[in-house]
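Before any comments, here is the structure.
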Amino acid sequence: MNRRKWFLRGMRAGIPIALGYFAVSIALGITAKKAGISSLQAALTSLLINASAGEYAGFSLIAAGATYLEVALMEAVANARYLLMSAALSQKLKSGVGTVQRLLLGFTVTDEIFGVSMVQPEPLDPFFTYGTFCVATAGWTGGTFVGAVLGDILPLRLLSALSVGLYGMFISVFIPEARKNRVVLVLVGISFAASLACSYLPWVRDISEGIRIIVLTVVISLVAAIVRPIPKEASEEVAEQ
């Protein structure tokens, strides 16, 4: 496919993500408003950061009167997992993708965009991810703006329901692949169990959630790559498509 077709394909994949983002980011907009941030500033923040945990942590620290250094360090920790996602996504790209396009691709990565990009069956053209990002980030930015403007009038129960919508959407990204691949299914189960255990174990539970996610991702991925590597024949088949 050419770039235009890849881009349009990505836009279609971004529609359900945008709907989920819009619903969830309303709560984020309310958090921004309570921190004294205007609706336009909140929307601009969502456009440039595009990270739920990072933005929520940033708005909360701003509300608490934290310093610039404290906010910067927290953002680095909360968003560090995207380094791993970008590294994994770079291995999925088709040949010939330059540095500038890779940098743009890194900016677009979120959990859900990473998920739909990785499940594409053939070597990935970055314009697919660009298309997904353009649609998805419109929902994220728009929802943040609406939340900052109208959030105070929404019922608390509705806000609680919206806050869990993003998790359900992300689960729907990897469940189809887990149903087809038993290895992925086992790894998903191990990841859930390990994450739950780390939230209760002494010493480990005191570590930042972002750091725990990074460590678990690296360890589980490394063990999986050693124990069940992708067969060479499968890799060559994907590359030829």
Side-chain angles (χ1 to χ4, degrees), residues 3 6-64 66 68 70-86 89 99-117 124-152 154 159 162-167 169-170 173 210:
R3 290 180 172 179
W6 272 109
F7 190 83
L8 293 176
R9 182 174 177 178
M11 291 183 69
R12 288 193 296 270
I15 293 174
I17 297 177
L19 295 176
Y21 276 0
F22 183 86
V24 173
S25 59
I26 290 176
L28 185 66
I30 296 173
T31 304
K33 185 175 182 179
K34 291 180 178 179
I37 298 173
S38 71
S39 54
L40 289 177
Q41 290 171 334
L44 183 61
T45 302
S46 283
L47 177 63
L48 297 178
I49 297 181
N50 202 34
S52 56
E55 287 183 55
Y56 182 81
F59 291 151
S60 299
L61 287 173
I62 291 172
Y68 289 126
E70 289 172 329
V71 174
L73 290 176
M74 178 56 71
E75 291 299 312
V77 172
N79 298 325
R81 69 187 186 278
Y82 296 126
L83 294 174
L84 301 177
M85 293 183 188
S86 298
L89 195 58
T99 301
V100 174
Q101 288 194 43
R102 289 175 182 270
L103 290 174
L104 290 174
L105 194 64
F107 173 74
T108 66
V109 171
T110 66
D111 299 330
E112 293 72 29
I113 294 176
F114 169 78
V116 297
S117 298
L124 182 70
D125 189 301
F127 277 81
F128 171 87
T129 308
Y130 299 158
T132 306
F133 170 80
C134 286
V135 176
T137 197
W140 184 253
T141 304
T144 305
F145 180 82
V146 171
V149 174
L150 303 176
D152 288 341
L154 295 178
L159 294 177
L162 293 176
S163 66
V164 300
L166 191 60
Y167 299 104
M169 182 178 61
F170 185 58
V173 171

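Quick note: residue numbers are just sequence positions, from 1.
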Looking at Phe133, is its backbone amide N or carbonyl O close enough to the side chain of Thr137 to form a donor-acceptor pair, meaning the two atoms are under 3.5 Å apart?
no
Any sub-3.5 Å donor-acceptor pair from Glu75's side-chain atoms to Ala72's backbone N or O?
no
Side-chain contact test, heavy atoms from C-beta onward, threshold under 4.5 Å: evaluate it for [X] versus [Y] and give yes or no.
| X | Y | answer |
| --- | --- | --- |
| Val135 | Ile17 | no |
| Leu40 | Phe145 | yes |
| Leu89 | Ser117 | yes |

Tell me yes or no: between the side chains of [X] and [Y], is some donor less than 3.5 Å from an acceptor?
| X | Y | value |
| --- | --- | --- |
| Glu55 | Trp140 | yes |
| Thr108 | Thr129 | no |
| Tyr21 | Thr110 | yes |

On a heavy-atom basis, which atom in [X] and which in [Y] lie closest, and how many Å separate them?
| X | Y | value |
| --- | --- | --- |
| Val71 | Ala66 | CG2-CB, 4.2 Å |
| Ile62 | Ala35 | CG2-O, 4.1 Å |
| Thr141 | Ala43 | CG2-O, 3.3 Å |
| Gly147 | Ile30 | O-CG1, 3.5 Å |
| Ala148 | Ala42 | CB-CB, 4.4 Å |
| Val109 | Met85 | CG1-CB, 3.8 Å |

Here's a test for you: under side chain to side chain contact (heavy atoms under 4.5 Å, CB included), which of Leu105, Thr99, Val100 qualifies with Leu103?
Thr99
Going from [atom1] on [X] to [atom2] on [Y], what distance comes out if it is rounded to the nearest 0.5 angstrom?
| X | Y | atom1 | atom2 | result |
| --- | --- | --- | --- | --- |
| Phe7 | Thr132 | CZ | OG1 | 9.0 Å |
| Asn50 | Ile113 | CG | CD1 | 6.0 Å |
| Cys134 | Met11 | SG | CE | 7.0 Å |

Is the distance from the ring center of Phe114 to that of Tyr82 below 6.0 Å?
no
Decide if the gap between the ring center of Tyr130 and the ring center of Phe127 is smaller than 6.0 angstrom.
yes
When you look at CZ of Arg3, are more than 12 heavy atoms from neighbouring residues, nucleotides or ligands closer to it than 6.0 Å?
no
Please, which pairs that meet salt bridge (Lys or Arg N to Asp or Glu O under 4.0 Å) have at least one residue in residues 9-30, sequence neighbours excluded?
Arg9-Glu122
Determine, stepwise, if the pair Arg81 / Asp111 fulfils side-chain contact (heavy atoms from CB on, under 4.5 Å).
CA-CA 9 Å; Arg81 69 187 186 278; Asp111 299 330; 3.2 Å; yes
